[in-house]
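Here is how names work: the chains are called A, B, and so on, in the same order as the sequence lines, proteins then strands, and each is numbered from 1. FYI, side chains are in, hydrogens and waters are out, and symmetry mates aren't considered; it's all heavy atoms of this structure.
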Number of protein chains: 2
Amino acid sequence: MKLRPGTPVSEISLAEEFGVSRTPVREALQRLDKEKLVEIVPKSGTFVGRIPVSAVIEAIVARRALEVVIVRKAVERATPSQVLEFRARLERQREIARKNDLKTFHAEDEAFHAAFASVAGYPGIWEIIRTVKIQVDRYRQLTLPQEGRLDMVIREHKEIVDALESGDADRAVKSMEVHLDKLQLDIEVFGQTWPDYFIHDREIEGQ
Amino acid sequence: MKLRPGTPVSEISLAEEFGVSRTPVREALQRLDKEKLVEIVPKSGTFVGRIPVSAVIEAIVARRALEVVIVRKAVERATPSQVLEFRARLERQREIARKNDLKTFHAEDEAFHAAFASVAGYPGIWEIIRTVKIQVDRYRQLTLPQEGRLDMVIREHKEIVDALESGDADRAVKSMEVHLDKLQLDIEVFGQTWPDYFIHDREIEGQ
DNA sequence: CACTTCTTTCTTGTATACAAGATATATCTA
DNA sequence: TAGATATATCTTGTATACAAGAAAGAAGTG
């Protein structure tokens, strides 16, 4: 994890680093504040955002619900060429997994899911998912990557693509649910291990 | 509709109106820009956002998916006192409907749905719904309120609460789906009637 | 030594001046 | 008059100066 939650990030130091004034830095930080990636405390300082535990839980729930809708629509609209593109993606994932390149694999995984949203004609819904996913990804960066996880993910992806190709919407939805349910890890326990990195419901003010 | 889409809203005029400088106005406008409520064109001007047709369609789909999750969880977690609060809300809605106070009714309707999210323990998901809902609400302000619509809404609300009270999650979900499906109006036709108020997919750039 | 109080220094919040591009207007030219 | 061109004026983008509060440190006090 590059920047530990709670680490101060002052506007002026960022401005100097990027060679610009405080104004554009401020605007960028305000956007990040809204996405809960930083916490701006008036007259005090700006800090790398702690991960709101409840947000992670809700993000997983929300993502699941939205991806189910996406995959159902994708089955309805997918063309044969698009199905073949998914096959290509699966093969690419296998190649990346062989090299054990986690960073690239994560990017390709995200592209895989984004592709379903694109096929479904729901780019806006993917945008929502991408937003809530950020906190989940941040959380997952703290967990150790499990042995054989990549191959498991690819098998689940393949099952979804198989269902897509067969045109079986219910099966595709079921596969997607199975795939996404793997994200439900023991967050509460984890939040107690690195308490400073997380923020619990009670601490959240306003809004 | 108070401000017609496309109407220019300059930073300096807003600053004078509120008696502050451009800086805080800019920050507010940037937030609105992200929510697609205004469109900031660099070096040109800021305008009241046109309603992205595709966003409205996707918003309805996304909201439906998320509210289904919410209502299912709400049935699971609702306490008797919370059920009674919903009964009180229904009665209040009837009172407002009798006065034909559309503005208040809309606020109460939103509070009704927000209450389910609260009971479900998903305030963050409601925040997502609230965000996507904005464009839908803006669109609906352009449609004429239909005769007897309020009574219909209340009946649908009552059906959801009845299901909640009986603890029948599937029935509650079904009722919510029926309720929300009423939002699916003929958007495409409408977008052609007032073309300037809307923005179609092709016109959207970047982001 | 422990505690309180005051001062200094840091942070973000706001106002303002200037830069740069887009757009509308006026002017020139055929 | 019609069109093209140049100018003026508008907009947002950026830099900087100052204000106000928070936080950390120093100094005083028991």
Open item on the list: Any side-chain N or O of A:Arg22 below 4.0 angstrom from OP1/OP2 of C:dT12?
Closed with: no

Task: Verdict with reasoning, B:Arg31 to A:Glu27, per salt bridge (Lys or Arg N to Asp or Glu O under 4.0 Å) - done: CA-CA 10 Å; B:Arg31 279 193 290 273; A:Glu27 292 174 350; over 6 Å; no

Open item on the list: Please report the distance, rounded to the nearest Å, between CZ in B:Phe18 and P in C:dA15.
Closed with: 13 Å

Task: Minimal non-hydrogen separation, A:Ala78 against A:Gln82, with atom names - done: CA-OE1, 3.4 Å

TODO: Specify the separation, in whole Å, of atom CG of B:Asp33 and atom C1' of D:dT11.
DONE: 15 Å

Open item on the list: Is it the case that the side chain of B:Thr7 and the backbone of B:Arg4 share a donor-acceptor pair, with hydrogens and angles ignored and the cut-off at 3.5 Å?
Closed with: yes

Task: Check: B:Arg77 side chain, B:Val119 main-chain N or O, donor-acceptor pair, under 3.5 Å - done: yes

Task: Among D:dT14, D:dT11, D:dG13, the nucleotide that comes nearest once only the side chain of A:Pro24 is considered - done: D:dT14

Open item on the list: From the set D:dG13, C:dA15, C:dT12, return the single nucleotide nearest to any side-chain atom of B:Arg26.
Closed with: D:dG13

TODO: Starting from the C-alpha separation in whole Å, work towards a yes-or-no answer on ring pair (Phe, Tyr, Trp, His ring centres under 6.0 Å) for B:Phe116 and B:Tyr122.
DONE: CA-CA 9 Å; B:Phe116 274 94; B:Tyr122 291 150; over 10 Å; no

TODO: Grab the CD1-P distance between A:Ile40 and D:dA22 for me, whole Å please.
DONE: 16 Å

- [ ] Check whether any side-chain N or O of B:Ser44 sits under 4.0 Å from OP1 or OP2 of C:dG21, and answer yes or no.
- [x] no

Task: Atom-pair distance (CD on B:Glu11; P on C:dT14), nearest Å - done: 15 Å

- [ ] Whole angstrom is fine here: how far is it from CD1 in B:Ile12 over to P in D:dT9?
- [x] 15 Å

Task: Between C1' of C:dT12 and CD of A:Glu39, the distance in whole Å - done: 15 Å

Task: Of the listed nucleotides D:dT16, D:dA22, D:dT12, the one nearest the side chain of A:Lys43 - done: D:dA22

Open item on the list: Regarding A:Val9, tell me which of base, sugar-phosphate or nothing describes its non-hydrogen contacts under 4.0 Å with the strands shown.
Closed with: sugar-phosphate

Open item on the list: Whole angstroms only, please: what is the CD-P distance between B:Glu16 and D:dC10?
Closed with: 12 Å

TODO: Give A:Thr23 one of three labels, base, sugar-phosphate or nothing, depending on what nucleic acid heavy atoms sit under 4.0 Å from its own.
DONE: base

- [ ] Could you check which of C:dT12, C:dA15, D:dT14 has an atom nearest any side-chain atom of A:Ser21?
- [x] D:dT14

Task: Distance, rounded to the nearest Å, where A:Gln30 contributes CD and C:dT12 contributes P - done: 11 Å

Open item on the list: Heavy atoms from C-beta onward define the side chain here; which of C:dT11, D:dT14, C:dG13 lies closest to that of A:Glu27?
Closed with: D:dT14

